[in-house]
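Here's the structure we're looking at; comments come further down.
In what follows, chains are A, B, ... by sequence order, proteins preceding strands, each numbered from 1.
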2 protein chains.
Amino acid sequence: MKVRPPRGFRDFTPDIMILRKDLIARLENVFRRYGYDPIDTPALEYWETLAGKYGEEAENRLIWRFRDPWSGREYALRYDLTVPLARFIASHRDITLPFKRYHIGPVWRHEEPQRGRYREFYQCDADVVGSPYPEADAEIVNLAVDALKALGFENGFEVRINDRRLLRGIYEIDLGVSDPIPLYRAIDKLDKIGVEGVKRELERLGLARGVVEKVLDLITIKMPLRDGIAEIRSRYGNANNHVREALDHLDEMASYIKGDASIVLDMSLVRGLDYYTGPIVEVVLREPRIGSVAGGGRYDNLIGIFLGKSIPATGISIGIERIIDAGLELGIYNLSRKTYTQVQVIVLDRATYHYAWRVADTIRSLGYNVSVDLARLSEKAQKKKARRLGIKVLAFIGAQEERAGTVTFYNTETGERATVSLSETKLGSILDKFVG
Amino acid sequence: MKVRPPRGFRDFTPDIMILRKDLIARLENVFRRYGYDPIDTPALEYWETLAGKYGEEAENRLIWRFRDPWSGREYALRYDLTVPLARFIASHRDITLPFKRYHIGPVWRHEEPQRGRYREFYQCDADVVGSPYPEADAEIVNLAVDALKALGFENGFEVRINDRRLLRGIYEIDLGVSDPIPLYRAIDKLDKIGVEGVKRELERLGLARGVVEKVLDLITIKMPLRDGIAEIRSRYGNANNHVREALDHLDEMASYIKGDASIVLDMSLVRGLDYYTGPIVEVVLREPRIGSVAGGGRYDNLIGIFLGKSIPATGISIGIERIIDAGLELGIYNLSRKTYTQVQVIVLDRATYHYAWRVADTIRSLGYNVSVDLARLSEKAQKKKARRLGIKVLAFIGAQEERAGTVTFYNTETGERATVSLSETKLGSILDKFVG
């Protein structure tokens with residue numbers, strides 16, 4: 001028998017789940033602070049809902065796709081949470097716009113599994129539907145910054161911003177690159193292969209030497225957002241409408257972004273997904289160098305594909321999996337918490353089992369997480385198990401306790417011990433001190 | 001374009017999500033109170049992991065199953081959370097037993113969609129792995145009772161208990177029914193078709209008249225657990241080892257179950273899944289009559305299929321979807337809460353946008369959920385939207401407020417109003433009173 005999860009898929013043990021739940025709760029907290037509300041959509045969509053939205057690689061290889069033998073319909077596992085949102089908006093025409101939603105859940109990609117890359121992983125998305133204005137893009141950046149801080153990365157990250165209209169206005173129209181996809185693919189590798197590497201790739205594409213030089217000069221522009229906007233305006237400000245629109249939009253956006261030197265205009269940022277139309281954003285950790293941990297942007301045409309009329313939208317997806325991997329590597333997170341249990345009842349004598357259950361129930365009703373032995377373990381084995389799980393408080397029950405109607409608490413960290421009557425009105429506050 | 005989720009699948013809007021999250025949090029709370037910790041497993045398993053575990057109907061029709069064209073491997077979407085748990089235990093041999101885990105997540109079934117029956121739905125499971133003892137089964141029942149109470153069904157439910165060994169010992173061995181599956185299927189319909197209906201089905205199966213009468217007499221036994229055990233003991237107590245074992249187990253189990261008349265021995269309870277071996281449990285609401293809302297039991301052989309050696313286990317699955325449907329129908333739940341947002345900033349004047357953002361940010365940093373207009377709506381439209389979402393507190397920002405460095409709070413329920421300085425140290429406690 002196969003006793004592994006499928007290749008590229010993972011089980012989560014309690015220690016990891018406790019960490020994941022804590023981090024997701026922090027994220028949800030930030031999303032709610034900004035006025036975003038939760039939605040959910042199915043794991044499966046009809047294939048035609050996803051088709052044509054993500055570009056060639058996703059379409060042909062990365063989307064998990066299958067035909068249902070009963071209905072003959074083609075289904076796909078959702079690839080991200082953005083296309084399902086667009087479909088959701090078209091399916092729920094009564095929703096009042098602008099609509100600010102968050103969505104946290106798994107997506108599936110048929111990737112070749114490797115370290116830090118999984119076939120099933122969570123995305124944590126926040127999007128504004130129904131506003132074409134720079135304020136919406138700015139709020140998404142502020143929210144992402146607050147989210148990274150809430151996750152414990154105080155200053156350890158950089159927010160990179162660019163605009164699809166700048167890419168189009170400069171590279172395609174001003175520099176006249178007629179087939180820009182290979183160009184963008186080359187630019188996108190700057191972090192990995194450096195300027196020299198990109199240069200070689202651009203030359204291989206057969207671009208004129210003058211164009212290559214201009215591209216290399218542009219993609220190394222990475223400066224604080226307002227400075228970057230000014231720089232591009234001085235060079236290309238009058239090039240064409242695409243550039244002008246982008247710069248005006250970014251200028252206004254910058255005025256709403258909480259001042260922070262870690263927010264930069266990065267002309268090498270292109271982002272892969274087909275549907276972006278305006279500002280694009282990526283968050284990168286300074287250490288470790290594991291690629292982006294959040295990404296998003298404006299997609300003003302995607303909803304229109306489903307709805308027949310355009311509705312502007314912008315948002316960000318926070319990649320909690322890479323954040324967890326990075327946080328563990330950096331020591332910001334650890335897996336030391338192995339259980340939510342606060343009190344382990346230790347039964348010294350089989351004859352007192354029923355009394356032990358009464359004690360456990362009483363402690364539970366006071367609001368504590370209590371575990372009691374279900375496997376008739378010896379006292380030693382019960383204590384060993386509590387120690388392995390790191391349960392702080394033991395509640396000893398023996399014949400003496402049963403006779404006296406008491407329980408003996410023991411704090412495994414301080415060695416403190418107290419025998420308390422079960423009918424003691426201060427039982428709760430005594431226990432509070434033990435649990436801490 | 002298709003703008004619907006696939007047939008049998010659902011989207012969840014914020015009002016429903018807010019309710020679902022609240023209910024799931026209550027359940028998690030109960031699970032943790034009893035010392036259960038969370039795990040997760042993939043949505044997909046290899047087909048051979050699920051094959052042969054659930055019986056014919058699931059195997060041939062209800063499991064979503066497909067072949068991956070790249071690897072040729074057959075995958076299946078998980079059908080419940082119990083078989084994945086068994087596979088999990090076999091995949092993680094370092095886990096200390098007994099292991100008490102909870103698991104909340106979607107499962108997929110290729111059902112014909114109908115009212116209250118979906119192709120994707122959540123299960124909320126709690127299981128004890130590694131104890132063969134009645135205490136473990138009893139804890140699962142107590143946990144289920146507490147869960148139903150925490151979900152708001154104070155006395156509105158009945159817990160039905162039976163034991164697979166009783167079924168086998170009485171129907172198969174004592175009454176000599178050699179092909180029991182059709183018999184069990186008929187018995188299982190008692191709630192739906194009544195005694196007369198079951199009688200007709202049994203006759204149609206060709207059972208001898210004496211056997212039919214005995215079966216009908218047995219399946220109408222439904223009495224408080226201890227009375228039921230005594231009744232069966234008086235009739236079949238010496239029939240064979242299966243019956244004796246079951247009765248002794250149930251007797252000890254009953255001694256740990258918190259006294260409650262709503263817990264009954266029900267000889268018509270069979271439960272469909274192939275893997276049960278001991279006590280089986282179902283929770284049924286008194287109103288509305290929508291079938292069971294929780295079900296489970298002991299499955300001592302399932303993990304052994306994966307691991308090669310038997311590990312006893314018992315657990316319950318709480319069906320949150322039916323509970324939500326029932327709670328809404330009964331008026332225990334409602335969908336009145338449409339947003340987590342507590343304060344809506346109302347901007348009276350475009351010139352004060354930047355100040356409004358500062359105010360929103362200040363309120364946020366005090367711990368409140370705050371939304372600010374991103375779509376340049378008129379004052380009227382901003383207020384209308386806040387009203388539709390039921391946001392209680394409005395924070396008015398106009399030129400006057402910006403000049404004075406203040407914000408004017410308005411409680412839409414009481415009509416109370418206060419203009420407060422943003423630098424006021426008591427801003428938090430003032431806002432507390434408004435938000436309530």
Discussion item. Between A:R364 (side chain only) and A:V370 (backbone N and O only), is there a donor and an acceptor less than 3.5 Å apart?
Written reply: yes

Name the region of [X], side chain, backbone, both or neither, that has any atom closer than 4.5 Å to a heavy atom of chain B.
X: A:E45; value: both
X: A:R10; value: backbone
X: A:Y34; value: both
X: A:L389; value: neither
X: A:A86; value: neither
X: A:D137; value: neither

Fill in: Presence of salt bridge, A:K100 and A:D37, under 4.0 angstrom
no

In terms of heavy-atom pairs under 4.5 Å, which option from [options] contacts chain B the most?
options: A:H354, A:Q344, A:R20; value: A:H354
options: A:R119, A:K21, A:R7, A:R358; value: A:K21
options: A:Y102, A:F12, A:W357; value: A:W357

Worksheet item: Between B:E28 and A:Y340, do the side chains contain an N or O donor and an N or O acceptor separated by less than 3.5 Å?
Response: no

Worksheet item: Going by atom types alone, do A:H110 and B:D68 pair a side-chain donor with an acceptor below 3.5 Å?
Response: yes

Worksheet item: Can you check whether B:V83 reaches B:L85 side chain to side chain, under 4.5 Å on heavy atoms?
Response: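 Side chain of B:V83 against side chain of B:L85, heavy atoms only: no contact under 4.5 Å found.
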
Worksheet item: Between A:R33 and A:D146, is any pair of side-chain heavy atoms under 4.5 Å apart?
Response: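 With C-beta onward as the side chain, the pair stays apart.
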
Worksheet item: Looking at OG1 of A:T339 and NZ of A:K385, how far apart are the two atoms once the value is rounded to the nearest 0.5 Å?
Response: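 Between A:T339 OG1 and A:K385 NZ, I get 8.0 Å after rounding to 0.5 Å.
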
